Undergrad: 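Sharing a structure below in structure tokens format, with a few things to ask.
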Protein chains: 2
Amino acid sequence: MMKRETLKKQVYEYLREEIMNGRIAPGERLIEEKIAKKIEVSRSPIREAIRLLEKDGLVIVNKRGGVTVFHPDISHFQHLYECRVELEPAAAYYAAQRITKEQIRMLRQHLPSKHEICRQYELKKIHDMNVKFHEGIVEASGNPFLIKTICHLRGINSMYRMAILKRNDLRVELAIEEHFNIFEAIASGCADDARRYMREHIESDYKFYVHLYSERK
Amino acid sequence: MMKRETLKKQVYEYLREEIMNGRIAPGERLIEEKIAKKIEVSRSPIREAIRLLEKDGLVIVNKRGGVTVFHPDISHFQHLYECRVELEPAAAYYAAQRITKEQIRMLRQHLPSKHEICRQYELKKIHDMNVKFHEGIVEASGNPFLIKTICHLRGINSMYRMAILKRNDLRVELAIEEHFNIFEAIASGCADDARRYMREHIESDYKFYVHLYSERK
DNA sequence: TTTTCGTCGACTGTATACAATCATCATTAA
DNA sequence: TTAATGATGATTGTATACAGTCGACGAAAA
């Protein structure tokens, strides 16, 4: 038996992937039975997987039942950031007050060393570290609602990046120094600084993507 | 035919109600088949209804599959407010910038008149107006993510109130003046004031409930 | 007495069949 | 020609049957 995970989860991962990389186009309708035939499972796990996608905001339900792949646009991108710019700084604020020594140690590992930077490390790798850094901070906030909500927004966010930018422009080098400042503030328990630095960080991240978008129109 | 809504939705409403008023106790496990037998529908709509409850945070899934009714405690209540105190002021901030004349008119209707206050209007009625007032502001923010997230938090919030306080203590009179200030700020487009007033409002709301809770322990 | 093993019962995961609804399109009547 | 009506197909909602898994309990062996 090679059945380590439920079909529901497998189908969910599959659809999520297909949507994220655009093989299922935004606006396209998801037909339970067609998917069922295509990947050869019954409708039950598919229905449930689709509910998960709905929860992620990756598909939207239309009146008549049935769902349609979410179609992102730049105005929504702004709305998304209006949320993130409130929640992530708050997470940093509480993280500065609640983070454990162990978590500090973990967090530090997600900062690239100067060595790595000088070496022109693979951008992709540094980008992954950055993501983990953010996740670590949110986790350290110790607030399950913050964690859940931000995680949710981040999922949609990456979808926007995929859909709007259509290429992997990573704002990597710019972010490194900002990350250092945030880390220092959190590690030393300066909650207000942590909040402020994080807010500036998110704001500049947003401006970067907007600029990129307007540039390539 | 008296079948206006799907069974899924009916079951969802039913379970939600049962959980909210405590007839299904916190910590209790929900067994699909038992519910199915009890209310005489098949397991399918029940499964789906349970997923909706899960989305609401009213039940939590345990490893082995199956769900358990969420068991609120005061620390989570604090976490909830740590989110609200960021998001609702942000909603007020954007509402001040984006609210339409029509929405201002609507919003004003959810402020009790002095006449109503003097008359010792039913507390419940004023409380309902207050809820609508908050909803109106969030709506006026024009940000679907803010709307969705805050709405979600509010649902959980009311569950906490039910479960923790076990009575309908409504912080009504205190809130009225705060609401007036917030309204004025939004209607006159003073976004920063709107944000600040709303933040103070949420904070004092939180303090009120904490005080009430500690008092009756 | 303790441990191990196996059976049974209770649940959930998955498949499948059936019912209901809605859209489309053609056909017919005005 | 146009509007109304009815048939057909596509798709989701709901019921139900079956399979797999885990835990509890008890019996047998050490």
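Lettering follows sequence order; numbering is per chain, from 1. Computed over heavy atoms, backbone and side chain alike; hydrogens, waters and symmetry mates excluded. It should be emphasised that the depicted structure is a prediction, and the values quoted were computed from it without experimental measurement.
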Undergrad: Quick check on the 6.0 Å ring-centre criterion: do A:F133 and A:H179 meet it?
TA: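 Between A:F133 and A:H179, the centre distance is under 6.0 Å.
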
Undergrad: For the pair made of CZ in B:R43 and P in D:dA19, what is the distance, rounded to whole Å?
TA: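 Taking CZ of B:R43 and P of D:dA19, I get 15 Å after rounding.
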
Undergrad: Got a salt bridge between B:E86 and A:R195, using NZ or NE/NH1/NH2 to carboxylate O under 4.0 Å?
TA: yes

Undergrad: Between A:E5 (CD) and D:dT21 (P), how many Å, whole number?
TA: 15 Å

Undergrad: Quick one: label A:K63 by what it contacts on the DNA or RNA (base, sugar-phosphate, nothing), any heavy atom closer than 4.0 Å.
TA: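 Result for A:K63 = nothing.
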
Undergrad: Judged by each residue's nearest nucleotide on DNA chain D, which is more toward the 5′ side, A:S44 or A:R64?
TA: A:R64

Undergrad: If you check every side-chain atom of A:P45, which of C:dA15, C:dT12, D:dT12 has the closest atom?
TA: C:dA15

Undergrad: Taking CD from B:E48 and P from D:dT12, how many angstroms apart are they, rounded to a whole number?
TA: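 The answer, rounded to whole Å, is 12 Å.
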
Undergrad: Looking at C:dC11, I'd like to know if its phosphate oxygens (OP1 or OP2) sit under 4.0 Å from a side-chain N or O belonging to B:K34.
TA: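 Checking C:dC11 against B:K34, a side-chain N or O does come within under 4.0 Å of OP1 or OP2.
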
Undergrad: Without decimals, in angstroms, what is the distance between B:E33 CD and D:dA17 C1'?
TA: 11 Å

Undergrad: Identify the two heavy atoms, one from B:I202 and one from B:R84, that lie closest to each other, and give their separation to 0.1 Å.
TA: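 The pair with the smallest heavy-atom distance is CD1-NH2, 3.8 Å.
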
Undergrad: Could you check how far CZ of A:R51 sits from P of C:dG13, rounded to whole Å?
TA: 16 Å

Undergrad: Measure CD/B:Q10 against P/D:dT14 and give the value in whole Å, please.
TA: 8 Å

Undergrad: Base, sugar-phosphate, or nothing: which does A:L30 touch, judged by heavy atoms less than 4.0 Å apart?
TA: sugar-phosphate

Undergrad: In whole angstrom, give the distance that lies between atom CG of B:N62 and atom P of D:dG23.
TA: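 Rounded to whole Å, this separation is 12 Å.
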
Undergrad: What's the closest nucleotide to the B:S42 side chain, out of D:dT14, D:dT11, C:dT14?
TA: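 Of all the options, the side chain of B:S42 is nearest to D:dT14.
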
Undergrad: From the options D:dA15, C:dT14, D:dT12, select the nucleotide whose nearest atom is closest to the side chain of B:R47.
TA: C:dT14

Undergrad: From C-beta outward on B:I31, which listed nucleotide comes closest to its side chain: C:dC11, D:dT16, D:dT11?
TA: C:dC11

Undergrad: Taking atom P of D:dA15 as reference, at what distance in whole Å does atom CD1 of B:I46 sit?
TA: 9 Å

Undergrad: Could you check which of C:dT12, D:dG13, D:dA15 has an atom nearest any side-chain atom of B:E32?
TA: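 Closest of the options to the side chain of B:E32: C:dT12.
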
Undergrad: May I ask you to say whether B:E88 pairs ionically with B:R199, meaning some side-chain N is under 4.0 Å from a carboxylate O?
TA: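 No, this pair does not count.
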
Undergrad: Do B:H152 and A:H152 have ring centroids that are under 6.0 Å from one another?
TA: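 They do not qualify: ring centres at least 6.0 Å apart.
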
